[in-house]
Amino acid sequence: MDQVWIWTFWVWEWVKPVVAFTATLGVTLAAVVGAAWAAFRWFGQKWIESKFAKSLEEYKAGQARELEKLKHKINSTFDRITRLHDREFDVLPDLWGKLVEAKLWAGAYISVTQSYARVMYLDDDALREFLDGTRFTEWQKREIIEAPNKQDQYIKTYNRYRYADVGGKLREFDLSFSKNGIFLHSELEEMMRKMLDIIHHAVVEHNVNEEENVRPRIRSASSTFENQGEALFLKIKRAVSDRLWESANKEL
């Protein structure tokens with residue numbers, strides 16, 4: 001508003017000599033005032049148009065800067081989402097494969113139906129030859145040969161190796177899951193973690209039964225594995241398939 005009054009004063013100072021000059025020529029005051037008002041309106045309109053144009057340009061420039069910032073933010077967010085999605089697509093098949101192996105090995109280990117070599121019918125030479133074809137250490141072979149019940153000792157030693165093998169499969173999955181689980185969808189990550197716990201509890205329970213020769217066998221964790229675990233495993237399978245196919249369809 002102050003600028004308007006300054007501009008008005010400036011225009012009047014410019015117009016005032018013109019008014020005085022026209023007055024000396026006998027021009028009426030009304031004509032002088034009319035001429036002064038016309039000049040005032042003309043200069044005022046030009047000034048307003050100039051200010052409006054300047055303000056409009058500043059507004060457009062400001063909007064362009066804000067739009068550029070928004071585009072940069074959207075592109076950055078989209079880029080991060082794309083990279084996370086691509087990473088999930090890379091790690092998910094590997095995690096699924098390791099989970100399948102851990103489940104299959106665990107299922108065979110805790111199964112109530114087991115099959116073992118019948119070493120109690122072998123003589124010493126045949127037993128030695130058979131044991132030399134196993135992974136057993138020398139002291140373990142000796143322990144079987146010298147045991148009063150060779151069959152029981154063989155089964156116990158054999159199951160210790162099976163327990164170690166299953167534990168290795170679980171550790172492989174657990175390590176990969178610990179490193180890459182953050183790239184999974186939260187629901188799928190939670191399901192895989194729960195499946196790992198179910199398998200682990202069942203395996204530990206079965207190992208205690210074997211080592212301590214528990215009678216009757218404790219089967220609560222194994223029952224959870226066979227029932228809830230199986231249902232959860234199928235749910236994970238569907239979720240993994242959906243995520244992978246969803247990613248593949250987005251690439252098309």
Side-chain angles (χ1 to χ4, degrees), residues 64 66-115 135 158-159 161-210 217-252:
E66 290 300 320
L67 182 60
E68 192 62 31
K69 289 179 182 178
L70 181 60
K71 287 171 59 179
H72 178 72
K73 185 176 181 180
I74 292 174
N75 289 337
S76 298
T77 302
F78 182 76
D79 183 58
R80 285 195 299 272
I81 293 174
T82 300
R83 281 183 289 173
L84 285 173
H85 197 74
D86 290 344
R87 184 59 178 160
E88 180 190 25
F89 188 82
D90 290 337
V91 303
L92 196 51
D94 179 67
L95 283 173
W96 168 248
K98 287 181 169 63
L99 180 62
V100 169
E101 288 188 4
K103 178 183 179 295
L104 290 177
W105 281 68
Y109 174 65
I110 69 175
S111 174
V112 294
T113 304
Q114 300 289 341
S115 178
R135 296 180 290 166
Y158 177 67
N159 281 332
Y161 277 86
R162 295 179 69 203
Y163 176 67
D165 291 339
V166 174
K169 296 298 181 180
L170 285 171
R171 283 190 297 275
E172 285 181 14
F173 172 75
D174 190 23
L175 179 60
S176 183
F177 182 73
S178 297
K179 293 191 297 185
N180 300 308
I182 59 173
F183 298 109
L184 303 183
H185 189 272
S186 58
E187 183 180 358
L188 183 55
E189 179 188 9
E190 183 179 349
M191 288 193 295
M192 282 193 169
R193 190 184 304 280
K194 185 177 180 180
M195 189 70 208
L196 176 62
D197 289 341
I198 290 175
I199 297 173
H200 182 259
H201 291 159
V203 169
V204 170
E205 178 190 75
H206 186 77
N207 181 64
V208 171
N209 285 335
E210 291 295 322
R217 299 293 197 185
I218 303 171
R219 294 279 303 167
S220 59
S222 296
S223 296
T224 300
F225 172 83
E226 293 166 0
N227 298 306
Q228 298 180 26
E230 189 62 32
L232 179 60
F233 182 77
L234 293 176
K235 189 175 180 180
I236 293 172
K237 180 180 179 181
R238 288 193 296 269
V240 170
S241 178
D242 290 344
R243 295 296 294 176
L244 291 177
W245 279 106
E246 178 185 349
S247 299
N249 290 334
K250 286 183 178 181
E251 295 295 328
L252 298 179

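Throughout, residue positions are numbered sequentially from 1 according to the sequence presented.
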Identify the heavy atoms of [X] and [Y] that sit nearest to each other, and give their distance.
{"X": "A106", "Y": "I199", "result": "CB-CG2, 3.5 Å"}
{"X": "A202", "Y": "I110", "result": "O-CG2, 3.7 Å"}
{"X": "P93", "Y": "D90", "result": "CD-O, 3.6 Å"}

At what distance, to the nearest 0.5 angstrom, does [atom1] of [X] lie from [atom2] of [Y]?
{"X": "N159", "Y": "N209", "atom1": "CG", "atom2": "CG", "value": "11.0 Å"}
{"X": "N227", "Y": "L232", "atom1": "CG", "atom2": "CG", "value": "12.5 Å"}
{"X": "I198", "Y": "E226", "atom1": "CD1", "atom2": "CD", "value": "12.0 Å"}
{"X": "E210", "Y": "Y158", "atom1": "CD", "atom2": "OH", "value": "12.0 Å"}

Does [X] reach the side chain of [Y], with side-chain heavy atoms less than 4.5 Å apart?
{"X": "F225", "Y": "K103", "result": "yes"}
{"X": "K235", "Y": "M195", "result": "no"}
{"X": "V112", "Y": "R219", "result": "yes"}
{"X": "R162", "Y": "Q114", "result": "yes"}
{"X": "N207", "Y": "V166", "result": "no"}

Any sub-3.5 Å donor-acceptor pair from D174's side-chain atoms to L170's backbone N or O?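 Absent.
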
Tell me, please, which residues at least two apart from W96 pass ring pair (Phe, Tyr, Trp, His ring centres under 6.0 Å).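 With neighbours one apart ignored, the set is F233.
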
Can you list everything that forms a ring pair (Phe, Tyr, Trp, His ring centres under 6.0 Å) with F173? Sequence neighbours excluded, please.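 Partners of F173 by the ring pair (Phe, Tyr, Trp, His ring centres under 6.0 Å) criterion, ordered by chain and then number, come out as F177.
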
Qualifying residue for side-chain contact (heavy atoms from CB on, under 4.5 Å) with L92, from R87, R243, H185: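 In the set R87, R243, H185, the residue that makes a side-chain contact (heavy atoms from CB on, under 4.5 Å) with L92 is R243.
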
Test H200 against every option in V204, V203, D197 by the side-chain contact (heavy atoms from CB on, under 4.5 Å) rule and name the one that passes.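 The residue from V204, V203, D197 that satisfies side-chain contact (heavy atoms from CB on, under 4.5 Å) with H200 turns out to be V204.
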
Identify, with sequence neighbours excluded, every residue that meets side chain to side chain donor-acceptor pair (under 3.5 Å) alongside S220.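 S220 satisfies side chain to side chain donor-acceptor pair (under 3.5 Å) with E205 once adjacent residues are dropped.
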
Evaluate the side-chain contact (heavy atoms from CB on, under 4.5 Å) criterion for residues K98 and M192: first the C-alpha distance (whole Å), next the side-chain angles of each, then the deciding distance (0.1 Å), finally the verdict. CA-CA 11 Å; K98 287 181 169 63; M192 282 193 169; over 6 Å; no

I'd like to know if R135 and D165 make a salt bridge, using a cut-off of under 4.0 Å between side-chain N and carboxylate O.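 Yes, this pair counts.
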
Between E190 and K194, is the closest basic N to carboxylate O distance under 4.0 Å?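 Salt bridge between K194 and E190, a charged N being under 4.0 Å from a carboxylate O: no.
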
side-chain contact (heavy atoms from CB on, under 4.5 Å) between L184 and V91, intermediate numbers included: CA-CA 8 Å; L184 303 183; V91 303; 4.2 Å; yes

